[in-house]
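What follows is one structure encoded as structure tokens, with my remarks underneath.
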Number of protein chains: 2
Amino acid sequence: MAISIGIVEDHTEFRQSLVYLISSFTDYTVSWSYPSVEEALADYTETDVMLLDINLPGLSGLEAINLFKQKSRTQKIVMLTINEDEYHIFEAIKNGADGYILKKSSPSKILESIQQVYEGGAALTPMVAKQVMAFLKPQLANPGTSSNLTVREKEILVLIAQGMTNEIIAGALFISVQTVRNHIKNIYEKLHVHSRAQVVVKAYKDKLV
Amino acid sequence: MAISIGIVEDHTEFRQSLVYLISSFTDYTVSWSYPSVEEALADYTETDVMLLDINLPGLSGLEAINLFKQKSRTQKIVMLTINEDEYHIFEAIKNGADGYILKKSSPSKILESIQQVYEGGAALTPMVAKQVMAFLKPQLANPGTSSNLTVREKEILVLIAQGMTNEIIAGALFISVQTVRNHIKNIYEKLHVHSRAQVVVKAYKDKLV
DNA sequence: ATCACAATAGCCCAATCGGGTCATTTTTAT
DNA sequence: ATAAAAATGACCCGATTGGGCTATTGTGAT
């Protein structure tokens, strides 16, 4: 069974060349292609993979991710873009895109990306991957952030960062309040903070939540 | 297939009358009923809809919502309550209840609520619905703004969201700790939270920081 | 076999916080 | 000008938290 693909791309020429490119392989089928999110949503049918332009008139591709996810949670979404800037990359990732590739990528790279996300992986251009890693590095490197927290401590940190009280956390994890408090004491020591509000701040700043 | 129902209600008489009421319709089946959350959790079996009293000895109904959600994410939960006050309403909604109805509601209203949440809707009494809408309106009208916080309150919120204690905040703003606490109380009320950790969470999520 | 660490749980004490009520002054809006 | 809203400050009380200590159990590494 061929992998089915949907395309949203306003630039007619590029859209058609995508259709042409993909259709030339028997492993892939272009189920539909539209120049706007609005039209794609109106006529939506589920596909295995979607190619979604970011710069679109009307609803942008970034805003559309969630809308398409609502239609189908299994479909994979690959963002097509001309810009490699941090904002768009992280917005796309945050919204749950499965891939982020440049329009100027070679045909073989585009097909490769489709295959990768179809198989459950993520497709990123090397430059994007680098930025993602650069973003992650300080968190991994910086000791005193999350890295030296134990698994249990991280669990509790997440719950604190949702505003839960110790009692609620204890209930949620089926352990005693005392134990929760002990874990929290250890978390404070490792993160060098002295209150749960500070923990929440750190959790958000260091993107642990 | 009849809609299956679980009931947690400590008041024996009311619980039994609920069971009697519901059982008298072939469309509904009471799978179980318990006087406490603890017993219900221990013996839990999934039902389509749960009626959950708020004022319970031991674990309250509000605290229990999440615990039951862990057992089953598809079951619908309708809170039973005697009070229509804002606090309980928002706590229930925040925790993910699907309905919020008064114990004094007529039998037909109770059954109607069950049917509504079973069909994927939400069941609210008109008064509750009004309060919910009143809370939502300002946010919808003015998106991006935090809910009606005064300038001073926003200042303090920002400082809280940096992990500061009341004493430090008081020092920073050259006002007394008492005043800081009063402002914070008002912030809590407006944001419907009950701890500074939750304020920090909200501050980051709604992006006021 | 032993050591280190993680997870569990308890106790104690002081500090902080959350919530309720009240009161005064200043600013803003009508 | 007057009423409403905001900012300031206080008291009280109970709940929660933060910090210091000890202890048992299980697991993984040496």
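For clarity, every value in this text was computed on a predicted model and none was experimentally measured. In what follows, every chain begins at residue 1, and chains take the letters A, B, ... in the order their sequences are listed.
Dashed line: the shortest gap from a side-chain N or O of Ser176(A) to OP1 or OP2 of dG10(C) is under 4.0 Å. Side-chain N/O atoms of Asn186(A) include none lying less than 4.0 angstrom from OP1 or OP2 on dA6(C). Dashed line: the shortest gap from a side-chain N or O of Thr179(B) to OP1 or OP2 of dG9(D) is under 4.0 Å. Here Arg196(B) does not reach the OP1 or OP2 of dT17(D): none of its side-chain N or O atoms lies under 4.0 Å away. The side chain of Tyr188(B) places no N or O atom within less than 4.0 Å of a non-bridging phosphate oxygen (OP1 or OP2) of dG19(C).
Side-chain atoms of Ser33(B) and Gln16(B) include no donor-acceptor pair closer than 3.5 Å. Looking only at atom types and distance, the side chain of Thr74(A) has a donor-acceptor partner in the side chain of Glu46(A) under 3.5 Å away. Checked by atom type, the side-chain pair Tyr188(A)/Gln198(A) shows no donor-acceptor distance below 3.5 Å. In this model, a donor atom of one side chain and an acceptor atom of the other lie less than 3.5 Å apart for Trp32(B) and Thr45(B).
Computed from coordinates, the Ile184(B) CD1 to dG19(C) P distance equals 11 Å when rounded to whole Å. Atom CD in Gln178(A) sits roughly 15 Å away from atom C1' in dT24(D) (whole-Å rounding). Across the protein-nucleic acid pair, Arg181(A) atom CZ and dA7(C) atom P stand 19 Å apart, rounded to whole Å. To the nearest angstrom, P of dC17(C) lies 16 Å from NE2 of His183(B). One interatomic measurement links the two molecules: CZ of Arg152(B) to P of dT28(C), which rounds to 14 Å at whole-angstrom precision. Protein atom NZ of Lys190(B) is 17 Å distant from nucleotide atom P of dG18(C), rounded to whole Å. Atom CE in Met164(A) sits about 17 Å away from atom C1' in dT16(D), given to the nearest Å. Atom P of nucleotide dC17(C) and atom CD of Gln198(B) are separated by 15 Å, given to the nearest angstrom.
Salt bridge present: Asp53(B) and Lys103(B) bring a charged side-chain N and a carboxylate O closer than 4.0 Å.
Taking only distance into account, the side chain of Asn182(B) meets the base of dA10(D) through a donor-acceptor pair shorter than 3.5 Å. If you check distances only, the side chain of Lys185(B) never reaches the base of dG18(C) with a donor-acceptor pair under 3.5 Å.
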